[in-house]
Every structure is written in structure tokens, then in C-alpha cells.
Amino acid sequence: MRLADELRNMDHSLPAFGKPGERDRDGEIEEMTENGAGPAATVFAAPGRYVQGRGAISGLGEELKRLGSEKPLILRDGALVEILGDLSVQGAVTVDFGGECSPEEIDRVAGRARDEGADAIVGIGGGKTIDTAKAVAHPANLPLIIVPTIASTDAPTSSLSVVYDEEGAFKEYRFFGRNPDAVVVDTEIIVGAPVRFLIAGIGDGLSTYFEADASSKTRTPAMAGGAPTLAALTLARLCYDTLLEHGLAARLAAEQGAVTPAVEKVIEANTLLSGLGFESGGLAAAHSVHNGLTALEGTHHYWHGEKVAFGTISMLMLEERPTAEVEELVDFCLEVGLPVALEDIGLDGVEREELEKVAEAACVEGETIHNMPFSVHPQMVVDAMLAADALGRQRRALLAGEARLPAVAT
Ligand SMILES: [Zn+2]
């Protein structure tokens, strides 16, 4: 179903006039009648500016000037030194990122910013570098510019950081209530990175519409702090349609190092549409399954968006989406090269007890899985993952031309 049809079917009455709700322990929505609480406000959050294009990074100095910065601290991924070349940003102090967005690393970079008297923070790199830059800039009340060098997540535009422990296991979300002042996306740099990052970003972006759609039904405030606006739900749907329509063409072009209109569209979907869609539309089961999966060592070699892709298929199984819709998603993942089965994310031959660990972690209090419009228990998550895995393997066999049909039952 494309955007126009979907908009017609959307429940437009939800955000503005819904009763404000609060989730109790069983996941039921309880009406808030105490203290004269009014209808839940809708909130839409976005960065101050979004600049995307070939060579866009050359405008970084201008963006800093616009913010009145004379002594920015540039936090960059050390592996990018050659790719970035001389950025020639006047008065800048450069700090190499330590590799993990952990509380220790955030404190270290914040200490440097204080010592150097930095008046702005620039984060240049992948999702973890970006999230660290946010966690340094916002508490210090410093202007922030984000320059993603890969399009592997929708982290650049949002106001939150995902914090991991030093071993790479998910630890917490940190919310800052402020979005970056500018996001500068140089598509030439992004296409110069391994294509796997772009594909992972597509995996992250695929979840946005389904999670916003599910969580809008519960009227639970999204990360932006209120119920979803129509704008957020529409951008989330546009993200999904853009990825399905241009994802494969973008992959093929990016593999050749080509910046085509399809590549530009997919980078915008991965970064801007997905970023605005998730932050103001809400997360749900797909990201909780991702967070749960990080509890298993085998998944640590896979990117956020790759695990989110599998989490999205699991979520669709959990909420009993129509078969055609699930198959459309799974087939697209296979076509573009995203995980559809447990074996694709380092969990070949995984035991049920291990999946129970994943499900328990996905269902802890505060997880976005409780934004689903029904109560979710860990056993349901295990079964959804197993069902997603079975369907993913089945569709792969079918697309590969192998008929993997069950024998006659005896
Ligand atoms: Zn994500």
C-alpha cells in the first residue's frame, strides 16, 4: 500500500483528541483523570537545519559561523582522517573518538571540551561518535553540529543518545530534549563507505513506520515528548515507501561509488525521514528486540540496523500483520541484503533458552515494546522471533528457486 492509500486508512483522530493515557504494569492504558490533566499534546521535534548533498561537508565552517562558534571541538572517528582530509575549520580542536558511546567515553570528551573552552561541538562519524557528541554538547548547553559519515542509523537528527557499556551491550537511552542545531550529510562521503552501512541504515529505516504506527495507537508519548503528529506518521510512511521503491537501486549504485538520485533519496530516508519519524512517531517492538539481541555475544558483529531488520520482521509476526505485508518486507530484505533469519545475525543453532534471554531483555520495564497496543510477554517474543526466522528461511529458499516444502504429514 502506498502513501496516499495509507493516509486514507490512518486513524486521524488519534493524536489530537485522544485521552491522555498512562500504561500500568500489565500494559493496559489507564485514563489519567487526576490533577486535571488535559488532552495529550502532539509534539514534533527536528534539528534546526538539514543539509544534504555531494561535498556538503565543505559548508561546515559556514554552519559553525551561523551558530556564532569560534572554538568548536570536533569529535571525529580516527579512521576517517584520510577521507575527511583537511577540514580547515578555524580555531577547531580535534579529538579522536575512543570507539564506544559509553559513560566513560562521554566523560572523557566532556572533560576535553571543558579544558579547551570549546564553544560548540561537532560530531563527525558513525552512530556512536554522533551519540557521544550529543551526550557531550547538550548537558553543557553547547551548540551541536552532526556530520554523519555513514547512513547506517537514524541517530543524526534526534535528541537522544544510545549508551552502551564498554563491552558493547545496550545500557540506556539518554534524552536531552534538544535536537542538533544542524545536520550536514555529505553524500559523497557516505557512498565512499562500505555499502553494508547504507544497507544497515535501510534496516533501521524499515522499522520506523511500523513502530510509529503501533505506538501511535497507544498514545504513549514518543521520544519527542508527546503524541505523534500527522507529520511524523506521514514521514515514517514516506520513509518505508521510499526504501522499498529505491533501496535496491541505491545499493547497486552505491556499490559502484555512484551518487544517483536513488542514493540521495535512500540517504534522506535513512537519515532525515527515519530520524524524524521515530523520534516524534515512537518506537515499539522492533527496537526492543534489537536491544534484547545485544545480550547475546554472537550478535555483536552485526550492525544496529541489521538487527533492527530482524526485529521488525519479528514485530510483524508478533502483531499478526497480513501475510502479504510480512512477505513484502521479508522479500525486500532478501533483495537488498538484510538479515531475515537468526543465522544471519550470528545466531546459527541458537537454543531456545538463549532466545528467552533476548526476550526477557526486550521486555524489561521501560522498553519500547510496551508501546505495542497489547500486552507483550517474553514467551510471545521468543515465538515471534522463531516464526520470523522460519519465514525468513522459507522465503530465501523460494527466492533462490529451491522449493523447500514440507513432506506430507504422517
Ligand atoms: Zn534504530
Side-chain angles (χ1 to χ4, degrees), residues 45-47 101 123 125-132 134-135 146 148 150-164 168-176 179-180 183 185 196-215 222-224 228 232 235-237 239-240 242-243 247 266-295 299-300 302-316 329 333 336 338-339 345 358 361-362 366-369 371-372:
C101 181
K128 292 184 178 200
T129 315
I130 288 169
D131 279 5
T132 306
K134 289 183 204 168
I146 295 294
I150 49 178
S152 68
T153 73
D154 49 22
T157 59
S158 81
S159 65
L160 69 116
S161 294
V162 188
V163 179
Y164 296 83
F170 171 76
K171 192 173 161 68
E172 63 189 4
Y173 291 111
R174 287 193 190 176
F175 301 93
F176 303 110
N179 295 72
V183 176
V185 185
R196 185 176 167 192
F197 292 112
L198 185 71
I199 303 302
I202 293 174
D204 201 22
L206 287 175
S207 71
T208 308
Y209 163 67
F210 296 108
E211 294 190 289
D213 184 48
S215 59
M223 306 282 185
L235 294 177
R237 182 68 211 193
C239 178
Y240 188 67
T242 302
L243 294 177
V266 166
I267 291 172
E268 185 187 329
N270 286 8
T271 313
L272 183 65
L273 300 179
S274 184
L276 302 183
F278 100 79
E279 185 169 27
S280 295
L283 292 178
H287 272 77
S288 291
V289 170
H290 161 274
N291 293 341
L293 285 167
T294 67
T299 69
H300 288 188
Y302 295 86
W303 296 102
H304 172 85
E306 293 173 332
K307 285 174 269 191
V308 170
F310 183 73
T312 306
I313 301 169
S314 303
M315 172 174 161
L316 265 53
L329 172 66
C333 287
V336 84
L338 279 165
I345 46 171
V358 171
E367 263 298 341
T368 54
I369 204 164
N371 291 350
M372 298 299 290

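Indexing begins at 1, ligand by ligand and atom by atom, following the structure's order. Just so we're clear, the structure is a prediction, and the values are computed from it rather than from any experiment. All values below were derived from every heavy atom in this structure, side-chain atoms included, with hydrogens, water molecules and symmetry-related copies excluded.
- Below 30°, between 30° and 60°, or above 60°: for Phe210 and Tyr240 the angle between ring planes is above 60°, a perpendicular geometry.
- In terms of distance to the Zn ion (ligand 1), the nearest N, O or S atom of Asp204 is named OD1.
- Side chains of Glu211 and Ser215: a donor-acceptor N/O pair is absent below 3.5 angstrom, by distance only.
- Listed for the Lys307 side chain is no donor-acceptor partner under 3.5 Å among the backbone atoms of Leu293.
- For residue Asp154, no N/O/S atom approaches the Zn ion (ligand 1) to within less than 2.8 Å.
- Looking only at its N/O/S atoms, His287 has NE2 as the one nearest to the Zn ion (ligand 1).
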Q: Apply salt bridge (charged side-chain N to carboxylate O under 4.0 Å, His left out) to Lys128 and Asp131, showing your working.
A: CA-CA 5 Å; Lys128 292 184 178 200; Asp131 279 5; over 6 Å; no
